[in-house]
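Data first, discussion second: the structure below is written as structure tokens.
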Amino acid sequence: MVKITLKDGSVKEYPKSTTVEEIVASIGSRLLKAALAAKINGKVVDLFTPVMEDSSLEVLTFEDDDGKWALRHTGSHILAQAVKRLYPDAKLAIGPAIDTGFYYDIDSDKPFSEADLAAIEKEMENIVKEDLKLERFELPRNEALDMVSRLGEIYKVELINDLPEDAVISFYKQGEFVDLCAGPHAPSTGKVKAFKLLNAAGAYWRGSEKNKMLQRIYGTAFIKKNQLEEYLNMLEEAKRRDHRKLGKELDLFSLHEEGPGFPFFHPKGMIIRNELENFWRDIHRKHGYKEIKTPIILNEDLWHQSGHWDHYKDNMYFTTIDEKNYAVKPMNCPGGILIYKSAMYSYRDLPLRMGELGLVHRHELSGALHGLMRVRNFTQDDAHLYLTPEQIKEEVLGVISLTDHIYKLFGFKYRVELSTRPENSMGSDEDWENATDALRDALEAANLPYKINEGDGAFYGPKIDFHLEDSIGRTWQCGTIQLDFQMPEKFDLTYVGADGEKHRPVMIHRTIFGSIERFIGILIENYAGAFPVWLAPVQVIILPVSEKQKEYAEKLNKQLEDLSIRAESDLRSEKVGYKIREAQLQKIPYMLVVGDKEMEAGTVSVRDRKEGDKGIMKFEEFLSRIKYEIENKISK
RNA sequence: GCUGGAGUGGCUCAGCCGGUAGAGCAGAGCAUUCGUAAUGCUCAGGUCGUGGGUUCAAGUCCCAUCUCCAGCUCCA
């Protein structure tokens, strides 16, 4: 007999090699129905696993991440099985579960069209109906290789060959289909009732552009049909929030063939930009930053000296002036450094914080361009801090807290990553280690959860990255804090210490918005175009009921403008309903409906874009309310 | 850059098996002066991303190219 300790602390006894499934069945039929996998002594296993010793047992359902992943992983196997049934020549690569569902990479001569996906989905439904039991078996390496080569699965051969010597090589079988897989899986294909294939796209084998491009089919799976519906609705909703669509509808910006990746900002988009920049300047001044501006085009020699030529040339644009070679700046640091070098500094001057809203140009791959999120020219809200080595931690912490403060103002959730030394980089291992440790210390001190992003640092130093989410949960790097011992060396930067000797400062490169363009993209999607009043391109629109109130409307408009509130009046001879509809679609925060009643009483009938009709109030009262909202940057 | 898909008036979209472009919205004009998400009528507007080719005839077929979309790669 073995003793099984359940999550609630109760202990039950079962004959040895009773399967998890049988144990779960003895607990309750509802739990059995919901169970997808289990944890025995903390290790995730299949339900058909026999229990051989005294253990703790935790049943995993779709509510648990591991249970969810098991179900979706089974979804990917069903997908592969369906593909093999329909296209026996297709070769299978990898097919994992992911946050939003699952995918399978397949090598097939025939590209999968929408119609093919529908056919595959149909076959998957059959497999679900067949309710095939999943079985697991292990093979010694040579037998495993033998089996996958007999099946002609060349990618699986490669995968097995790359497994470490001591790895257990396991397979999962459902009906006629067998796949190399570590598991765990749902107990049978019948569990995957609520699934859908979403799209097909290319993906390189093993993620390297040197390898063959395979076809990746994405799908998702849930335990209940209504969860799937909900998810699909969420995707639809996200499409409505897409900043590219809203940018056009709200007349904020545009992109043209004449300048791929070079966004054009329209008057309304410029208002948001300028408000953000004003806010940025204000808060940075308060945090001890000076502002500078450096040229966009600088002599090529500078870029040789900075190391960009060796490490960043492929992303740069070049030009010639008077037969001399120049580069368009992809970063602001070398220009900023020239300003630093134009004076002498005492240790008393440090930390020196110099901010720059700098327009940079980078050659991004054409296929990577994406609305405002990834462009070829963008304005970084950059700053370079020059410090003594002792000041590193405090300054990094200062930047972290400023970043947190600003993101919170917008109500953004964010994720933090620590990116370490990349392959193509400069400097000694010791410098890199010190810099990376310093950033890690700061993160620990700030008590920020973070993930390590191996080899993703800048070529001159490691960095802390802040990622923000767009409407469908894709994340984009915005803020970054980079610690740099290299540029001060390359440019022979110095300050005079208390000892009267010259010393080498350390540099921090940092951004908070990251790029104004990308940040605006994130703002649009997060607010679904309904910006808080302080950012809204038009803050108030006055809607006279008829032309009789035209003058009253103009008077109110003028008063608003005198207070620097962005107001418009809709004086067209349209019905109020029509004017409201347009203002509503433009997501204007406040509509002031004025008719004879209001005109005579000096009042306005206020309509809030979210809450609807707020009733009549004195115009002055409305003024003080909106002023309060603007001044305090209220988002609601 | 790679794989797949798309590109028709300012916007959103229709156009079957090739026979010389349709609608709604927006715009302009006229009428209407109207109380919380679309008043009516009239008019104007495209040669179908670009360049070649096949054909008596191409938005529709073929080739090239540009841009966009999804994903991969890359990144603020």
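Chain A is the first sequence line, chain B the second, and so forth, proteins listed ahead of strands; every chain is numbered from 1. Remember, it's a predicted structure, so these values are computed and weren't measured experimentally.
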Between B:C48 and B:U60 - C1' atom distance, rounded Å: 10 Å
Same-atom distance (P) from B:C43 to B:A23, integer angstrom: 12 Å
Sub-6.0 Å ring centroid separation between A:F318 and A:W303: no
Sugar-phosphate only, base, or nothing, as touched by A:G577 at under 4.0 Å among non-hydrogen atoms: sugar-phosphate
N/O (side chain, A:H363) to phosphate O (OP1/OP2, B:G1) under 4.0 Å: no
Rounded P spacing from B:U42 to B:C25 in Å: 12 Å
B:U20 pairs with, by Watson-Crick or G-U criteria that keep both distances under 3.5 Å: none
Touch class at under 4.0 angstrom, heavy-atom based, for A:H370 against every strand present: sugar-phosphate
Phosphate-side-chain proximity, A:S366 and B:G1, N/O vs OP1/OP2 below 4.0 Å: yes
Nearest to side-chain heavy atoms of A:R607, which nucleotide of B:A37, B:G27, B:G35: B:A37
Under 4.0 angstrom between A:K248 side-chain N/O and B:U12 OP1 or OP2: yes
Upstream residue (5' side of RNA chain B) when A:V606 and A:R572 are each assigned their closest nucleotide: A:R572
Protein-nucleotide distance (A:L214, atom CG; B:U73, atom P), rounded to Å: 12 Å
Base-pairing assignment for B:G46 (Watson-Crick or G-U wobble, both under 3.5 Å): none
Distance-only donor-acceptor test, A:Y204 side-chain atoms vs B:G1 base atoms, 3.5 Å: yes
Sugar-phosphate, base or nothing in reach of A:N199, heavy atoms under 4.0 Å: sugar-phosphate
A:S546 side-chain proximity, nearest of B:A70, B:G35, B:U33: B:U33
Pairwise P distance for B:A37 and B:G46, with rounding to whole Å: 37 Å
Carboxylate-amine/guanidinium proximity below 4.0 Å for A:R572 and A:D570: yes
Any-strand Watson-Crick or G-U partner of B:A26, both distances under 3.5 Å: none
Same-atom distance (C1') from B:A64 to B:A21, integer angstrom: 26 Å
Ring centers of A:F102, A:Y218 separated by less than 6.0 Å: no
A:T379 versus A:E517, closest heavy-atom pair with distance: N-OE1, 2.9 Å
A:K212 NZ to B:G1 C1', straight-line distance once rounded to whole Å: 18 Å
For atom CD of A:E547 and atom C1' of B:A31, their distance in whole Å: 12 Å
Geometric class of the A:Y289/A:H284 ring pair [parallel <30°, tilted 30-60°, perpendicular >60°]: perpendicular
Spacing between A:K579 atom NZ and B:C34 atom P, to the nearest angstrom: 12 Å
Any strand: nucleotide that pairs with B:U73 via Watson-Crick or wobble, under 3.5 Å: none
Touch class at under 4.0 angstrom, heavy-atom based, for A:Q586 against every strand present: nothing
B:U8 versus B:U12 - spacing of their C1' atoms, nearest Å: 12 Å
Salt-bridge present (A:E236, A:R241; N to O < 4.0 Å): no
Lys/Arg-Asp/Glu bridge criterion (N-O < 4.0 Å) met for A:R566, A:E275: yes
Quiz item: A:Q215 side-chain donor-acceptor pair to B:U3 base, under 3.5 Å: no
A:R474 side chain near B:G71 phosphate (N/O to OP1/OP2, under 4.0 Å): yes
Below 4.0 Å: OP1/OP2 of B:A70 and any side-chain N or O of A:R244: yes
Nucleotide opposite B:U55 in a Watson-Crick or G-U pair, distances under 3.5 Å: none
Spacing between A:D242 atom CG and B:A70 atom P, to the nearest angstrom: 7 Å
Please tabulate, one pair per line, each protein N/O and nucleotide N/O from nucleotides 74-76 of chain B that are separated by under 3.5 Å, including the distance.
{"from": "B:C74", "atom 1": "N3", "to": "A:R374", "atom 2": "NH2", "distance (Å)": "3.1"}
{"from": "B:C75", "atom 1": "OP2", "to": "A:D456", "atom 2": "OD1", "distance (Å)": "3.3"}
{"from": "B:C75", "atom 1": "O2", "to": "A:R374", "atom 2": "NE", "distance (Å)": "3.4"}
{"from": "B:C75", "atom 1": "O2", "to": "A:R374", "atom 2": "NH2", "distance (Å)": "2.6"}
{"from": "B:C75", "atom 1": "O2", "to": "A:R518", "atom 2": "NH2", "distance (Å)": "3.3"}
{"from": "B:C75", "atom 1": "N3", "to": "A:R374", "atom 2": "NH2", "distance (Å)": "2.9"}
{"from": "B:A76", "atom 1": "OP2", "to": "A:K463", "atom 2": "NZ", "distance (Å)": "2.6"}
{"from": "B:A76", "atom 1": "OP2", "to": "A:Q477", "atom 2": "OE1", "distance (Å)": "3.0"}
{"from": "B:A76", "atom 1": "O3'", "to": "A:Q477", "atom 2": "O", "distance (Å)": "2.8"}
{"from": "B:A76", "atom 1": "O3'", "to": "A:Q477", "atom 2": "NE2", "distance (Å)": "2.6"}
{"from": "B:A76", "atom 1": "O3'", "to": "A:C478", "atom 2": "N", "distance (Å)": "3.4"}
{"from": "B:A76", "atom 1": "O3'", "to": "A:C478", "atom 2": "O", "distance (Å)": "3.1"}
{"from": "B:A76", "atom 1": "O2'", "to": "A:Q477", "atom 2": "O", "distance (Å)": "2.5"}
{"from": "B:A76", "atom 1": "O2'", "to": "A:C478", "atom 2": "O", "distance (Å)": "3.4"}
{"from": "B:A76", "atom 1": "O2'", "to": "A:R518", "atom 2": "NH1", "distance (Å)": "3.4"}
{"from": "B:A76", "atom 1": "N6", "to": "A:V375", "atom 2": "O", "distance (Å)": "2.8"}
{"from": "B:A76", "atom 1": "N1", "to": "A:V375", "atom 2": "N", "distance (Å)": "3.3"}

Rounded distance (Å) that lies between atom P of B:G51 and atom CD of A:E257: 12 Å
Under 3.5 Å on both distances, the Watson-Crick or G-U partner of B:U60: none
A:K548 side-chain N/O to B:C34 phosphate OP1/OP2 under 4.0 Å: yes
B:A70 OP1/OP2 closer than 4.0 Å to side-chain N/O of A:Y103: no
Pair A:E600 + A:K597: basic N to acidic O under 4.0 Å: no
Sugar-phosphate, base or nothing in reach of A:E249, heavy atoms under 4.0 Å: nothing
N/O (side chain, A:Y578) to phosphate O (OP1/OP2, B:U32) under 4.0 Å: no
Touch class at under 4.0 angstrom, heavy-atom based, for A:L255 against every strand present: nothing
Expected output: side-chain A:S425 to main-chain A:R421 donor-acceptor under 3.5 Å: no
Distance, rounded to the nearest Å, where A:E574 contributes CD and B:C25 contributes P: 12 Å
Distance between P atoms of B:C74 and B:G5 (Å, rounded): 25 Å
Identity of whatever pairs with B:G35 - Watson-Crick or G-U, under 3.5 angstrom: none
Rounded distance in Å between the P positions of B:U67 and B:G40: 43 Å
A:F410/A:F519 aromatic ring centres below 6.0 Å: yes
A:H256-A:F262 aromatic ring centre distance below 6.0 Å: no
Pair assignment for B:C68, Watson-Crick or G-U wobble, requiring both distances under 3.5 Å: B:G5
Sugar-phosphate, base or nothing in reach of A:Y218, heavy atoms under 4.0 Å: sugar-phosphate
Whole angstrom value for the distance that separates P of B:C68 from CZ of A:F264: 12 Å
